[in-house]
Amino acid sequence: MKNESLRRHIANSAIGTVVLVAILIFAATIIQSPKLFDFVIVYSEINHIVQCCIAALLLVVAMLLYQRKRVAWTLCIILLPASLILHFVLHNHPIGIVIIILEAYALLALLICHSDFRRPMHKRFQVKKLSPDEKTRIRNLVLKYGQNPCSYLALEDDKIIYSGKDVDGVIAYGIVGNVVTVCADPICAPEDFIRFLAEFKAFCSECSYECIFLGTTNVFLKEYEMLGYSHVKSGEEAVFKLAEYQLAGGKMAKLRTLINHANKEVTTHEYKPGVKKDTEIEKGIDEVSKAWLEGKKSSQLGFSVGGVGLEDPLDRRYFYATDADGKIVAFNVFLPYACNSGYMADVTRRVPHAPGGVTEKLIYDGFMVFKDEGAKWGSMGQAPLANVHEDGIKDNMTVKIIEFIYENCNKFYGFKDLHKAKEKYSPTIWAPGYFVFSTKNITPEMVFASIKIQNPGGISDYLLSSIRGLLK
């Protein structure tokens, strides 16, 4: 750790030296004061425009060096020797000597710390399709240690995977700008969690990334706090204790009515592509997806929501509903978590003309199948931004902003509608979910990254969907 800290200080001093060199060169080209003329006259031997360009380029490169980008390190290793030679050959004035010394130090420090500058220019250079062996390893870790209902999303192709060096674990993340956005909690043995998180924090720090975790549970909040992370409640997850879940009782009256209506019009089936592939069923599921996507106001969300995944179903569970004519009108995809003792309803889709209550029936019927198999928990995922105030904790500015968004921005995204939709199922528990972040408060850049990574259309897509909804 001491060696790493020393290397980081050397790297930072090299960056500061590059900035200082750029400022000295730039100042020498523009200062025309008679008092300083004798000090800068030697620099007129090189075209001032060229010098300004070199200085400006060094400033830009220094900024990219601070972000630990490899391309900036490469540019500096090219620029600094060239600039050093020019000053050594063309200049013998004291200021030129100072610049030579500074450039030599910066060059030496960058060479010593070359391994620190490994950040690529863009996330696309990091995302890669998992090999079969990698996917198998990640899948085994998810099934063994994935306590978070969203842990299984680590197997989706839109994630970058961080694998532990000293710990057998994985973290699924994406990059937007200078922000690393993580899907759910790190996946590893509980006893290794803090060591693995510390390793990942060092990785983000070395690359000058801010970091935010989306949809974490409360299981490891103390460990996050121990390493200096902050957190704020991000919403509530609808969780069902399957042994106690049934349709009887007054609070289930509305759901019972919907399911009874659906029972008269549709039949539930489970499709097991791992046992036997059926192209007709998959074609029907695909047609439901197309109809559902056409009816959406905004683009399809990702990152914190999975895909249908029929091309590589693995452990996903598929339930679909057919009408009296045998046509598929709705389907749900469930993901395993908590060592297969729980299943989360991840993808729920239906055609516009599907009978009322069909989605509710699929959710309930799926939960009952899992209950009979011995599963303990069902989940409908998180209702984002709902009830973020926590008793006994004073609301900070972040909480107030989240509450404002929840109350006033439902035209962009149906936060309240989604919470009400889950509420009618009468969950056994409303489990808190959290944003965990590397700064004291969530930054605007983190907010933008969280929106962008889940919806490539970003904020503009939500605005356009709101306008389309108003026009309709």
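Scope of the values below: all heavy atoms of this structure, side chains included, with no hydrogens, waters or symmetry mates.
- When atom types are taken as modelled, the side chain of Glu244 and the backbone of Thr428 share no donor-acceptor pair closer than 3.5 angstrom.
- Closest of all the heavy-atom pairs between Ala345 and Ile363 is CB-CD1, 3.5 Å.
- The existence of a salt bridge linking Lys424 and Glu360 is confirmed by a sub-4.0 Å separation between a basic side-chain nitrogen and an acidic carboxylate oxygen.
- What you find for Val329 and Pro355 is that their closest heavy atoms are CG2-CD, 4.2 Å.
- For the atom pair SG (Cys204) and CG (Asn178), the distance works out to 11.5 Å, reported to the nearest 0.5 Å.
- Heavy-atom contacts from other residues, nucleotides or ligands closer than 6.0 Å to NZ of Lys241 number 12 or fewer.
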Give the C-alpha distance, both sets of side-chain angles, the deciding distance and a yes or no for salt bridge (Lys or Arg N to Asp or Glu O under 4.0 Å) between Glu134 and Lys159.
-> CA-CA 13 Å; Glu134 287 174 320; Lys159 307 296 188 300; over 6 Å; no

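- Remark: the Gln147 side chain and the Thr217 side chain contain an N/O donor-acceptor pair separated by less than 3.5 Å.
- Between Glu223 and Lys201 there is no salt bridge, since none of the side-chain N atoms of the basic residue sits less than 4.0 Å from a carboxylate O of the acidic one.
- Rounding to the nearest 0.5 Å places SG of Cys188 at 7.5 Å from CD1 of Ile171.
- By the neighbour-count criterion of 12 heavy atoms within 6.0 Å, atom CE of Met226 is sparsely surrounded, having that number or fewer from other residues, nucleotides or ligands.
- Judged purely by atom type and a 3.5 angstrom limit, Lys440 has no side-chain atom pairing as donor or acceptor with the backbone of Ser230.
- When every heavy atom of Ala383 is checked against every heavy atom of His419, the shortest pair comes out as CB-CD2, 3.7 Å.
- Of the candidates Tyr343, Phe367, Trp377, Trp430, Phe367 is the only one forming a ring-ring contact (aromatic ring centres under 6.0 Å, His included) with Phe240.
- Contact of the His269 side chain with the Ile281 side chain is not registered, since no non-hydrogen atoms from C-beta on lie closer than 4.5 Å.
- Classified by interplanar angle (parallel below 30°, tilted 30° to 60°, perpendicular above 60°), the ring pair Phe220/Phe193 is parallel.
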Let me see the working for Asn148 and Tyr337 under side chain to side chain contact (heavy atoms under 4.5 Å, CB included), right down to the final yes or no.
-> CA-CA 7 Å; Asn148 192 306; Tyr337 71 98; over 6 Å; no

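- Taking the charged nitrogens against the carboxylate oxygens, Lys135 and Asp312 do have a contact shorter than 4.0 Å, which makes a salt bridge.
- In this structure, the side chain of Tyr209 does not engage the main chain of Ile175 through any donor-acceptor pair within 3.5 Å.
- Nearest heavy-atom pair, Ser13 versus Ile10, reported as atom, atom and distance to 0.1 Å: OG-O, 2.6 Å.
- The structure places CE of Met380 at 5.0 Å from NZ of Lys422, a figure rounded to the nearest 0.5 Å.
- Judged by the 6.0 Å distance and 45° axis criteria, Arg317 is not positioned over the aromatic ring of Phe370.
- In this structure, Tyr364 and Tyr245 have tilted ring planes: the angle between them lies in the 30° to 60° band.
- Just one residue in the list Phe213, Phe437, Tyr434, Phe435 forms a ring-ring contact (aromatic ring centres under 6.0 Å, His included) with His231, and that residue is Tyr434.
- One finds the CZ atom of Arg256 at 12.5 Å from the CG atom of Asn263 (value rounded to the nearest 0.5 Å).
- Shown here for Gly146 and Ile187, the closest heavy-atom pair between the two residues is N-CG2, 4.2 Å.
- The shortest heavy-atom contact between Gly356 and His261 is O-ND1, 3.1 Å.
- A salt bridge does not link Asp133 with Arg137: none of the charged nitrogens is closer than 4.0 Å to a carboxylate oxygen.
- Between the side chains of Glu210 and Thr439, not a single donor N or O lies within less than 3.5 Å of an accepting N or O.
- Ile160 contributes atom CD1, which lies 12.5 Å from atom SG of Cys183 (distance to the nearest 0.5 angstrom).
- Checked against the 6.0 Å centroid criterion, the rings of Tyr271 and Phe331 do not qualify as a close aromatic pair.
- Using a 4.5 Å heavy-atom threshold, the side chains of Leu214 and Gln454 count as touching.
- Counting heavy atoms from C-beta outward, Lys264 and Asn260 have side chains that stay 4.5 Å or more apart.
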Audit row: Leu310, Tyr318, side chain to side chain contact (heavy atoms under 4.5 Å, CB included) steps and yes/no | CA-CA 9 Å; Leu310 282 169; Tyr318 298 86; 3.6 Å; yes

Passes side chain to side chain contact (heavy atoms under 4.5 Å, CB included), Thr443 versus Phe448? Steps please.
-> CA-CA 9 Å; Thr443 65; Phe448 175 78; over 6 Å; no

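- Taking CG of Asn387 as the start and CD1 of Ile402 as the end, the distance is 12.0 Å to the nearest 0.5 Å.
- The closest side-chain heavy-atom distance from Val180 to Tyr162 is not below 4.5 Å.
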Would you please test Asp166 and Arg195 for salt bridge (Lys or Arg N to Asp or Glu O under 4.0 Å) and show each step?
-> CA-CA 9 Å; Asp166 302 319; Arg195 191 153 55 103; 5.4 Å; no

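- Put simply, the side chain of Leu362 does not reach to within 4.5 Å of the side chain of Thr348, judged on heavy atoms.
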Can Cys211 and Val182 be said to form a side chain to side chain contact (heavy atoms under 4.5 Å, CB included), step by step?
-> CA-CA 8 Å; Cys211 181; Val182 179; 4.0 Å; yes

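- Side-chain contact check for Leu335 versus Leu153: some heavy-atom pair is nearer than 4.5 Å.
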Residue pair Phe200, Phe203: steps toward the ring-ring contact (aromatic ring centres under 6.0 Å, His included) verdict | CA-CA 5 Å; Phe200 185 70; Phe203 158 75; 5.8 Å; yes

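- The shortest side-chain heavy-atom distance between Glu282 and Asp278 does not fall under the 4.5 Å cut-off.
- Residues Arg316 and Asp346 form no side-chain contact, since every pair of their non-hydrogen atoms from C-beta on lies 4.5 Å or further apart.
- A salt bridge links Asp365 to Lys361: one of the charged nitrogens lies within less than 4.0 Å of a carboxylate oxygen.
- The closest side-chain donor-acceptor pair between Tyr224 and Asp185 falls under 3.5 angstrom.
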